[in-house]
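Note that ligands are numbered from 1 as they come in the structure, with each ligand's atoms numbered from 1 the same way. Computed from a predicted structure; not experimentally measured.
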Amino acid sequence: MSKIVWKPGTFINPVPAVLVTCGDMENSNILTVAWTGTINSDPAMCYISVRPNRHSYKMIKESGEFVINLTTKDLVKATDWCGCRTGAKFNKFKEMNLTKENANFVKCPLIKESPASIECKVKEIKELGSHHMFIAEVLSVDADEKYIDENGAFDISKCGLISYANGGYYSQGEKLGKFGFSVQKKKK
Ligand SMILES: Cc1cc2nc3c(=O)[nH]c(=O)nc-3n(C[C@H](O)[C@H](O)[C@H](O)COP(=O)(O)O)c2cc1C
């Protein structure tokens, strides 16, 4: 084999680094989560994996709700900071100058500065080891109007979304193709 073999590890790259909000409008918190993803299309379902010693863990477990706020270049400092400081000691909304907005279906606040916030209801908690996985149903996707184009579609290329890979934050590169392009017949 031409590859170096390492011990098992978390090496799926890139992943999102999202800002998860929890609690309610009065008593809220934000934590950064990289262990997140979509796990079902219909109903739309996703997960976040959280260490039980996080301040946010109890808030999410008790309320059964959280919001995934997508992150952008403008939010990269907040993304890192909210992942290095605890809500037990800091008001992260205040420290990072983020604006709380009411959600539609959950009590947790949305982050106004995020281009899309995904409201989630916990369905199951899997105690995997270091992290507990909150499996959740998506109740709604709240998109910032400024990214909706003239056809009513969300123009994701305009948001400046970031990803997280091997410990670093990255902006998005060029678009290489769209779903199905490899099998699409060429128009005559
Ligand atoms: C880029 C990044 C990704 C992170 N991903 C996770 C994660 O998936 N799960 C987790 O439990 N903590 C993760 N953390 C750590 C928490 O965000 C961090 O411990 C945070 O301070 C917890 O906040 P809290 O104590 O206010 O809940 C991540 C931190 C960073 C910077």
Can you list the atoms of ligand 1 that are under 4.0 Å from a heavy atom of [X]?
X: His55; result: 24 (P), 25 (O), 26 (O), 27 (O)
X: Cys82; result: 17 (O), 20 (C), 21 (O)
X: Lys92; result: 21 (O), 23 (O), 24 (P), 26 (O)

Sub-4.0 Å heavy-atom approach of Tyr169 to ligand 1: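 Contact check Tyr169 vs ligand 1: positive.
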
Non-hydrogen atom of Met59 closer than 4.0 Å to ligand 1: no

For the 3.5 Å polar cut-off, considering only N or O atoms, please tell me whether [X] and ligand 1 meet it.
X: Thr79; value: no
X: Ala34; value: yes
X: Trp35; value: yes
X: Ser56; value: yes
X: Asp80; value: no

Option whose closest heavy atom lies nearest to atom 7 (C) of ligand 1, chosen from Ala17, Ala88, Ser49: Ser49

Enclosure of Leu128 CG (heavy-atom neighbours >12, cutoff 6.0 Å): yes

Lys100 atom NZ, over 12 foreign heavy atoms within 6.0 Å: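 Check passes, neighbour count above 12.
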
For residues 141-154, dump all side-chain donor-acceptor pairs below 3.5 Å to protein atoms at least two apart in sequence or in another chain.
residue: Asp142; atom: OD1; partner: Asn104; partner atom: ND2; Å: 3.4
residue: Asp142; atom: OD1; partner: Ser140; partner atom: OG; Å: 2.9
residue: Asp144; atom: OD1; partner: Lys146; partner atom: N; Å: 3.0
residue: Asp149; atom: OD1; partner: Asn151; partner atom: N; Å: 2.9
residue: Asp149; atom: OD1; partner: Gly152; partner atom: N; Å: 3.2
residue: Asp149; atom: OD1; partner: Ala153; partner atom: N; Å: 2.9

Residues Thr21, Asn69; criterion side chain to side chain donor-acceptor pair (under 3.5 Å); working and verdict: CA-CA 7 Å; Thr21 40; Asn69 300 273; 3.0 Å; yes

Pair Phe90 and Trp81, ring centroids less than 6.0 Å apart: yes

Tyr169 and Tyr164 aromatic ring geometry - parallel, tilted or perpendicular at 30°/60° bounds: tilted

Under-4.0 Å heavy-atom contact with ligand 1, by part of Thr36 that carries it: neither

Ligand 1 versus Arg85: contacting region, heavy-atom distance under 4.0 Å: backbone

Whether Thr72 side chain and Leu161 backbone form a donor-acceptor pair below 3.5 Å: no

Members besides Tyr170 in its Ile/Leu/Val/Met/Phe/Trp/Tyr cluster (side-chain heavy atoms under 4.5 Å): none

Lys/Arg N to Asp/Glu carboxylate O, Lys121 vs Glu137, below 4.0 Å: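 No, this pair does not count.
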
